[in-house]
Amino acid sequence: MTLTDEQIARLAEHVENAELNKQPITKITDDHPDMDWEDAYAIQYAIRQRKLDRGTKLAGLKMGLTSFAKMKQMGVETPVFGFLTDYGTYADGAEIDTSAFIHPRIEGEVAVMMKTTLKGPDCDITKALTAIDFVMPAVEIIDSRYENFKFDLKSVVADNTSAAGFVTGSNMKKVEDLDLPTLGVVLEKNGEIVELGAGAAVLGHPAASAAMLANMLAARGEEIPAGTFIMTGGITAAVAVEKGDNINMRCQHLGSVSMRFI
Ligand code: 0L1
Ligand code: MG
């Protein structure tokens, strides 16, 4: 670590205030160029604790930058993880207040619900599949707190990997009844297809994302508890949304998820 506890606390307040006030900020590595990964996750965890202290409930965990295309685009080889909140949780068909965000984008994903604890290290697809219960289609809303989505990886980890919300579909299936890598998704905005892809875009297999999350948490002495909801990462590229947009994601075997930004 390169930052003091005081600096971590101050940066957590600074980044969280950007979210709460919808006022974008410049990336924090501009002022702290030597910040390391531990500092970045310490800031994210401090933001999480600030929210818990105010009564926010955790809704689950998310993996980000899990698609090879996005990793290449960002010049990184390591996906990142963040947390999901109760106030960012939306049901299928939700009307979502666009003014709750700075510059929202959406990503088509599949989400999983864990049946048993998944504890790393050395988790792999097989172990993850045994621990996953249900799979459901989900759309993530990301909203970087940095101006124009301009950041580097450490800044984005500190900013809870741009997590802002998620919408889940009403259909779910047991994991053993699906072939996750070949699961197709089609993302439509205002009736036009804007993105499409298959589960294999997520580290080759969405269960690999859950396994990687368990391994990353193990390095911190943590595990994925049974009952955890996980957004496994973007199958599609992120699509900008604004007030008035209607979004529909169709997911093979799992029905659709829709929302309207009002
Ligand atoms: O969920 C994601 O893959 C987003 C990770 C953070 C990078 C971004 O804001 O695009
Ligand atoms: Mg995502």
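Ligands are counted one by one from 1 in listed order, and the atoms in each one are counted from 1 as well. For the single chain, residues carry numbers from 1 onward in sequence order.
- The pair Glu16-Arg54 meets the salt-bridge criterion, with a side-chain N (NZ, NE, NH1 or NH2) lying under 4.0 Å from an Asp/Glu carboxylate O.
- Between Glu109 and ligand 1, a contact under 3.5 Å exists for no N or O pair.
- Salt-bridge annotation for Asp133 and Lys174: present, with a side-chain N of the basic residue lying under 4.0 Å from a carboxylate O of the acidic one.
- Counting only residues at least two apart or on different chains, the side chain to side chain donor-acceptor pair (under 3.5 Å) pairs with a member in residues 215-229 are Tyr45-Arg220, Tyr45-Glu222, Arg220-Glu222.
- Here the Mg ion (ligand 2) has protein N, O or S atoms under 2.8 Å from it, and they come to 3.
- In this model, no donor atom of one side chain and acceptor atom of the other lie less than 3.5 Å apart for Thr2 and Asp36.
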Let me see the working for Lys27 and Asp30 under salt bridge (Lys or Arg N to Asp or Glu O under 4.0 Å), right down to the final yes or no. CA-CA 6 Å; Lys27 65 181 194 310; Asp30 288 349; 2.7 Å; yes

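- Residue-level proximity to ligand 1 for Lys62 is carried by the side chain, the only part with a heavy atom below 4.0 angstrom.
- In the model, Thr85 has no side-chain atom that pairs as donor or acceptor with a side-chain atom of Lys51 under 3.5 Å.
- Residue-to-ligand polar distances place Leu65 within reach of ligand 1: an N/O pair is separated by less than 3.5 Å.
- If you look at Met231 next to ligand 1, there are no close heavy atoms at all, none under 4.0 Å.
- With a 4.0 Å cut-off on non-hydrogen atoms, Ser144 does not touch ligand 1 at all.
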